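See structure below.
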Amino acid sequence: DQELGINAHKVRITHRLTHLISFAQIFYNIHLHSIKVIHAHGRGAAAIARFIKLIKLGRIKIIYTLHGVHKEFNSTLFYILYKFYEIIFSRLDDHRVFVSESEEREYCKFQQKADRGRHKIIYNAIENGSMDTSTSNTYDIGVLTRFHAQKNLRRFVKIAKLLPEYSFVIGGDGPEYNKINDLISLENIKNVKLLGYCSDPSKFMKSIRVYLSTSLWEGMPYSVLEAISHNKPIVLSNVVGHQDFRSGRIDANFYDTDNNAAEILRNLLKRKEEYEKAVQVSQTLQSKFSYTTFKKDMTNLYLGILKR
């Protein structure tokens with residue numbers, strides 16, 4: 001960041017940092033540039049950062065941003081092993097950054113002996129420059145996301161099936177793309193379109209009237225932030241990460257069942273006053289996820305840990 005007088009060096013790495021060559025590149029650059037702090041985003045990056053700290057005998061500091069508390073495991077054994085790993089190696093983290101209050105609460109349930117003195121809640125944010133009120137309203141309801149089991153897009157399709165009078169769209173790609181496409185064909189659903197990878201989130205948001213998320217859990221989803229920055233009503237599954245889309249007495253629309261979601265969506269799209277009320281909620285939430293606040297909090301965190 002030029003404002004802080006910090007030089008940035010980019011290293012191209014493979015997905016999730018698992019390749020040995022990528023690890024060697026990272027370690028080499030940390031040594032070459034006398035890096036003092038590693039900011040790790042996600043479990044894979046945190047594992048690499050912790051390993052590097054062990055190799056360097058603790059002569060480096062770690063900031064770990066979780067981006068969601070991992071809740072699904074293939075077996076009880078994996079769950080036990082992961083919990084044991086976190087109990088032991090989380091001690092290497094100097095700070096843990098949570099992108100929502102509900103994420104931090106969920107982590108403390110998972111790690112009941114977590115040192116909350118090392119915790120910092122810094123909301124994800126969208127720059128004010130992305131706040132554009134223009135719209136094309138090509139589709140009634142949409143979601144921009146990665147096709148992954150956590151995003152629960154099967155539920156999105158099921159809700160669409162309950163509302164055949166409205167058009168639905170999914171933007172994005174990922175490992176479950178073919179499964180969702182097959183489900184749409186198998187159920188003979190005519191009102192859901194898959195766009196594939198979308199390089200322009202702003203263009204996507206302008207094309208929809210309402211944003212619907214069906215995630216099983218979240219950290220603090222950027223796509224929902226994009227939606228509120230474009231003044232779109234948001235309808236969210238009532239799960240960790242979504243629950244922070246509240247501001248005082250102002251709440252987003254939350255649902256627990258498919259029928260409940262369908263009822264909310266129908267109400268928003270049929271009743272102008274309800275739609276406008278939901279737009280006002282999104283406008284109010286924009287101030288909670290201010291980029292200015294995010295930048296200030298991250299800058300203070302970096303400067304504080306560098307001074308220690």
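Just so you know, these numbers come straight off a predicted model, no measurement behind them. Because only heavy atoms are used, hydrogens play no part in the values below, and waters and symmetry mates are left out as well, while side chains stay in.
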| message | Please report whether the ring centroid of Phe294 lies less than 6.0 Å from that of Tyr123. | response | no
| field | Side-chain heavy-atom pair Tyr255, Ser237 within 4.5 angstrom cut-off | value | yes
| field | Verdict with reasoning, Met298 to Lys295, per side chain to side chain contact (heavy atoms under 4.5 Å, CB included) | value | CA-CA 5 Å; Met298 288 305 306; Lys295 187 175 181 179; 6.0 Å; no
| said: Strictly below 4.0 Å, N to O, side chains only: are Asp173 and Arg146 in salt-bridge contact? | reply: no
| said: Would Arg43 and Tyr82 count as a cation-pi pair here, with the cationic atom under 6.0 angstrom from the ring centre and within 45° of the axis? | reply: yes
| said: Can you tell me how the ring of Tyr177 sits relative to the ring of Phe147, calling it parallel under 30°, perpendicular over 60° and tilted otherwise? | reply: tilted
| Taking only residues two or more places apart in sequence, or in another chain, which ones meet Tyr64 in a ring pair (Phe, Tyr, Trp, His ring centres under 6.0 Å)? | none
| said: Going by side chain to side chain contact (heavy atoms under 4.5 Å, CB included), name the residues that satisfy it together with Asp297, two or more places apart in sequence or in a different chain. | reply: Ile122, Thr293
| said: Counting the benzene-type ring for Trp, do Phe98 and Tyr107 have ring centres under 6.0 Å apart? | reply: yes
| field | Pairing residues for Asn188 by the side chain to side chain donor-acceptor pair (under 3.5 Å) criterion, not counting sequence neighbours | value | Lys190
| query | Can you tell which of Lys270, Arg271, Lys277 makes a salt bridge (Lys or Arg N to Asp or Glu O under 4.0 Å) with Glu273? | reply | Arg271
| query | Side chains of Asn124 and Phe289: does their closest heavy-atom pair fall under 4.5 Å? | reply | no
| Salt bridge flag under 4.0 Å for residues Glu104 and Arg116 | yes
| request: Using distance alone, with no hydrogens and no angle criterion, decide if Ser102 and Asp244 have a side-chain donor and acceptor under 3.5 Å apart. | output: yes
